[in-house]
Structure formats: structure tokens, C-alpha cells
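Just so it is clear, the model here is predicted, and its values are computed rather than measured. In this chain, residues are counted from 1 in sequence order.
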Amino acid sequence: MRALVSVILPVHNAEPWLDECLGSVLQQDFEGSMELSVFNDASKDRSMAIIEKWKVKLEGSGILVVVGGHNSPSPRGVGYSKNQAIAQSSGSYLCFLDSDDVMMPQRVRLQLEAAIGHPASIIGCQVRREPPNSTERYTRWINQLASDQLLTQGVPEDLLFFYNHLRKGGGVVRVDQCLLLYRYHHGAATHSVLETTLWTHRVRFLEERALPHWATFTIWNAGKQGRRLYRSLTAGARRKVVAFCDVDENKIKKGFYCYEDSQERPKPQVPILHFRVARPPFVICVKLDLTGGAFEDNLRSLHLQEGRDFLHFS
């Protein structure tokens with residue numbers, strides 16, 4: 001019997017969190033047909049025993065549980081496990097859950113309602129962290145992203161899937177309620193993705209999606225992040241950079257940034273301007289919420305339209 005919603009749960013050595021995670025599946029207030037598709041990625045702890053215990057409880061409540069997995073010496077990774085859990089599932093809609101996270105009781109119901117209303121979109125939600133102060137700035141940032149910003153941001157382990165979805169014309173919608181508790185710990189899947197890999201994919205997506213629409217642009221931040229973005233661009237995209245802009249007088253007094261590693265002769269020298277004399281569009285490389293509101297005030301003072309006149313890359 002085909003379920004309407006399949007909860008997709010990859011598991012690897014999740015013993016400390018699995019009881020609470022599976023309990024949150026049981027506590028969903030969604031009244032339609034739902035299944036849980038679990039894939040055990042070579043766990044060496046008591047994860048399988050916990051899964052079998054909860055399988056009885058869940059199926060007793062009308063939630064079908066499908067369990068797959070392997071016992072190889074080494075795990076094959078969260079991406080592989082998600083794909084295997086999807087392959088063995090039957091749901092028309094997929095709800096992704098990590099084994100160290102906890103769903104609020106209304107999550108499946110509210111996100112399904114949003115998915116039905118936006119059939120070509122990935123549906124997100126607001127989150128909270130455990131421990132509460134573990135990634136305070138990141139949590140505030142991801143919960144406050146505007147709808148346009150959702151299209152240029154993504155979470156690490158799902159970034160390629162996210163970008164491929166957008167390339168095919170898909171959208172992104174967020175339910176503006178906290179429906180998920182994300183645990184922060186050093187064993188989390190997010191930490192297994194190299195920061196340089198994420199950066200490379202984000203730069204290529206920027207070049208593919210945004211930069212073709214702009215003849216020239218300015219990088220807002222003449223510091224480390226802005227210069228890193230400039231160096232990461234392809235030669236063609238670098239030639240579109242007409243300036244860096246900043247508020248730091250010491251950087252502005254230097255007059256220009258010279259790309260010393262360039263093979264071009266003469267080496268490119270990009271002007272550094274005060275943001276008020278720089279011209280849009282801007283690629284903003286300033287980490288939001290770190291300037292006490294000063295950056296946001298400066299940006300608002302220019303009366304720009306996001307997407308047309310600027311986008312965030314921070």
C-alpha cells in the first residue's frame with residue numbers, strides 16, 4: 001500500500017539520539033498515510049536494536065516501517081544512505097529527517113500542506129538548535145532568510161541536490177514556524193563536508209545563475225572574503241568586477257587590490273571604493289548580523305532591490 005508521505009531516515013551510529021528522533025515520528029499529528037523508511041549505514045552501536053523496538057510501536061500506530069541497510073566494514077555516507085532510503089520508500093512526498101534531529105508534532109502536516117500548494121518547490125522550515133547557543137548566528141540567519149535569499153543559500157550535505165533542483169526550474173518555500181530541532185555536535189554529517197568543496201560549488205552556481213545577467217558588478221568587502229571570491233572566479237567573471245567597496249578607510253586608502261597570482265600581464269588592479277560611490281549590482285561578501293546592524297543600515301540607505309541590484313554571498 002503506497003503511503004502519501006515517506007519520512008526518509010539515514011542512520012549511522014545514532015544510538016544517543018535515536019529514541020528521541022523516532023519518538024518524534026510517532027508524535028506527528030498528520031492523519032494521512034505515512035511510512036518511515038530507514039537505511040542503516042553500517043552502524044556498530046545499538047542503532048538497529050532501537051530501530052526494531054520502535055518499528056513495533058510505530059506499526060502499532062499505523063505507520064509502516066521499511067528498514068534496509070548493510071553491514072560493511074565502513075559506512076558509505078549520508079548521501080548514499082538517503083538515496084537507498086528513498087529507493088525502498090513508497091511515498092508520494094518525501095520528508096527528510098536526520099537521526100540526531102527531532103521533529104515538532106506538526107512538521108509533516110504543515111510541510112505537506114505547503115508542498116501541495118507549491119508542487120515544484122522544496123519545502124523548508126524554521127529550526128532551533130540544541131544546545132541552544134551552539135550556532136546562534138547561523139540559526140538566526142537561516143530562520144530569517146528572505147524568499148529571494150532561499151534561492152542562493154543551501155545546507156552543506158544537500159547542496160548539489162538543491163542546486164540541481166533550481167537548475168530544473170524548481171523553487172524553495174519555507175514554512176515560517178519552528179518545526180525541527182537540529183542537534184549540533186562534532187559527529188554531525190555537516191562537518192564531514194569540506195568547506196573548500198562547499199565554497200567551490202557555491203562560486204560555480206553564482207557564476208551560472210547570477211553573473212550572466214550582469215555586464216559588470218562590484219564585490220562588497222575588500223577584506224579576506226571578498227578577495228577570496230575574486231580569486232575563485234573564472235577569468236571571464238573576474239573581468240566583470242569593476243571594483244571592491246568597503247567602509248574601512250584603511251582598505252579604501254590602498255586604492256586598489258592587485259591580484260598577484262594572476263597569469264595576466266599587466267596584473268589586474270581592481271579599485272577599492274567607499275560603498276557610497278561604488279555602483280551596483282553588488283555581490284555582498286559581508287557576514288550578516290556581525291556588525292551590530294551597521295552593515296544592514298548602510299545597505300538599506302542605498303534603496304536597492306535584492307536580486308536585481310545585489311545578492312548575498314557570505
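- A salt bridge links Arg183 to Glu20: at least one charged side-chain nitrogen sits closer than 4.0 Å to a carboxylate oxygen.
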Could you list the donor-acceptor pairs under 3.5 angstrom formed by side chains in residues 110-124, with sequence neighbours left out?
residue : atom : partner : partner atom : Å
Gln111  : OE1  : Arg107  : NE           : 2.6
Gln111  : OE1  : Arg107  : NH2          : 3.4
Gln111  : NE2  : Ile123  : O            : 3.2
Gln111  : NE2  : Gly124  : O            : 3.1
His118  : ND1  : Ala114  : O            : 3.1

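- In terms of modelled atom types and a separation under 3.5 Å, the side chain of His165 and the main chain of Gly171 share a donor-acceptor contact.
- The other residues sharing a hydrophobic cluster with Leu94 are Ile8, Ile86, Phe96, where clustering joins ILVMFWY side chains under 4.5 Å apart.
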Note to self: For a side-chain contact (heavy atoms from CB on, under 4.5 Å) check, start with the C-alpha distance between Leu299 and Phe310, then their side-chain angles and the critical distance, and finish with the verdict.
What the structure shows: CA-CA 10 Å; Leu299 184 60; Phe310 72 92; 3.9 Å; yes
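- The distance from atom CD of Gln106 to atom CZ of Phe30, rounded to the nearest 0.5 Å, is 14.0 Å.
- The salt bridge (charged side-chain N to carboxylate O under 4.0 Å, His left out) check on Asp246 picks up Lys251, with sequence neighbours excluded.
- To the nearest 0.5 Å, atom OG of residue Ser99 and atom CZ of residue Phe39 are 13.5 Å apart.
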Check: Going through the checks in order, is the side chain to side chain donor-acceptor pair (under 3.5 Å) test met by Arg76 and Ser72?
Finding: CA-CA 9 Å; Arg76 295 174 186 169; Ser72 301; 3.0 Å; yes
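- Taking all atoms of both residues into account, the shortest heavy-atom contact from Leu211 to Val283 is CD2-CG2, 4.4 Å.
- Of the possible donor and acceptor atoms, none in the side chain of Gln84 sits under 3.5 Å from a partner among the backbone N and O of Gly68.
- Partners of Ser232 according to the side chain to side chain contact (heavy atoms under 4.5 Å, CB included) rule, which considers only residues two or more places apart in sequence or in another chain, are Trp199, Val203, Arg228.
- At a threshold of 4.5 Å between non-hydrogen side-chain atoms, the residues Cys245 and Ile272 do not count as touching.
- Taking 4.5 Å as the limit, some side-chain heavy atom of Leu26 sits within range of a side-chain heavy atom of Trp54.
- Under a hydrophobic-cluster definition in which Ile, Leu, Val, Met, Phe, Trp and Tyr are linked whenever side-chain heavy atoms come within less than 4.5 Å, directly or via other members, Met104 and Leu9 are assigned to different clusters.
- Once rounded to the nearest 0.5 Å, the distance linking OG of Ser47 with CG of Leu18 reads 5.5 Å.
- Residue Asp297 qualifies as enclosed at atom CG: its count of foreign heavy atoms under 6.0 Å is above 12.
- At least one side-chain heavy atom of Arg209 sits less than 4.5 Å from a side-chain heavy atom of Leu166.
- Counting heavy atoms from C-beta on, the side chains of Leu181 and Asp101 never come closer than 4.5 Å.
- Using a 4.5 Å cut-off on side-chain heavy atoms (C-beta onward), Val102 and Leu97 make no contact.
- Taking all atoms of both residues into account, the shortest heavy-atom contact from Pro10 to Ser81 is CB-CB, 3.5 Å.
- Shortest non-hydrogen contact noted between Val270 and Val241 is CG1-CG1, 4.0 Å.
- Taking 4.5 Å as the limit, some side-chain heavy atom of Arg204 sits within range of a side-chain heavy atom of Thr200.
- Pairs engaging residues 210-226 under the side-chain hydrogen bond (donor to acceptor under 3.5 Å, both in side chains) rule: none recorded [sequence neighbours left out].
- Applying the side-chain hydrogen bond (donor to acceptor under 3.5 Å, both in side chains) definition to pairs two or more places apart or across chains, those involving residues 85-97 are Arg2-Ser92, Glu35-Ser90, Ser37-Gln88.
- Follow the hydrophobic side-chain contacts under 4.5 Å out from Val66 and you never reach Val11; the two are in separate clusters.
- With sequence neighbours excluded, the residues forming a side chain to side chain contact (heavy atoms under 4.5 Å, CB included) with Glu52 are Met48, Lys55, listed by chain and number.
- At a threshold of 4.5 Å between non-hydrogen side-chain atoms, the residues Asp176 and Arg174 count as touching.
- Surrounding OH of Tyr80 are more than 12 heavy atoms belonging to other residues, nucleotides or ligands, all under 6.0 Å away.
- The backbone N or O of Glu15 sits less than 3.5 Å from a side-chain atom of Asp45, completing a donor-acceptor pair.
- Not a single donor-acceptor pair under 3.5 Å links the side chain of Gln177 to the backbone N or O of Cys125.
- Nearest heavy atoms, Met34 versus Val25: CE-O, 3.8 Å.
- Among pairs with a residue in residues 267-284, those fulfilling side-chain hydrogen bond (donor to acceptor under 3.5 Å, both in side chains) read Glu260-Lys267, Arg276-Ser301, at least two apart in sequence or across chains.
- A donor-acceptor contact closer than 3.5 angstrom links the side chains of Asp41 and His70.
- Partners of Arg239 under the side chain to side chain donor-acceptor pair (under 3.5 Å) rule, at least two apart in sequence or in another chain, do not exist in this structure.
- Residues Asn13 and Ser43 approach most closely at N-OG, 2.8 Å, considering heavy atoms.
- Among pairs with a residue in residues 230-273, those fulfilling ring pair (Phe, Tyr, Trp, His ring centres under 6.0 Å) read Tyr230-Phe244, Tyr230-Tyr257, Tyr230-Tyr259, Phe244-Tyr257, at least two apart in sequence or across chains.
- The shortest distance between side-chain heavy atoms of Asn298 and Phe275 falls below 4.5 Å.
- Checked for salt-bridge contact, Arg109 and Asp29 meet the test: a charged N lies under 4.0 Å from a carboxylate O.
- The distance from atom SG of Cys21 to atom CE of Met103, rounded to the nearest 0.5 Å, is 7.0 Å.
- What you find for Leu22 and Ile51 is that their closest heavy atoms are CD1-CA, 4.2 Å.
- The salt bridge (charged side-chain N to carboxylate O under 4.0 Å, His left out) search around Lys254 returns none, not counting sequence neighbours.
- Evaluation of the salt bridge (charged side-chain N to carboxylate O under 4.0 Å, His left out) rule for Asp261 yields no partner, not counting sequence neighbours.
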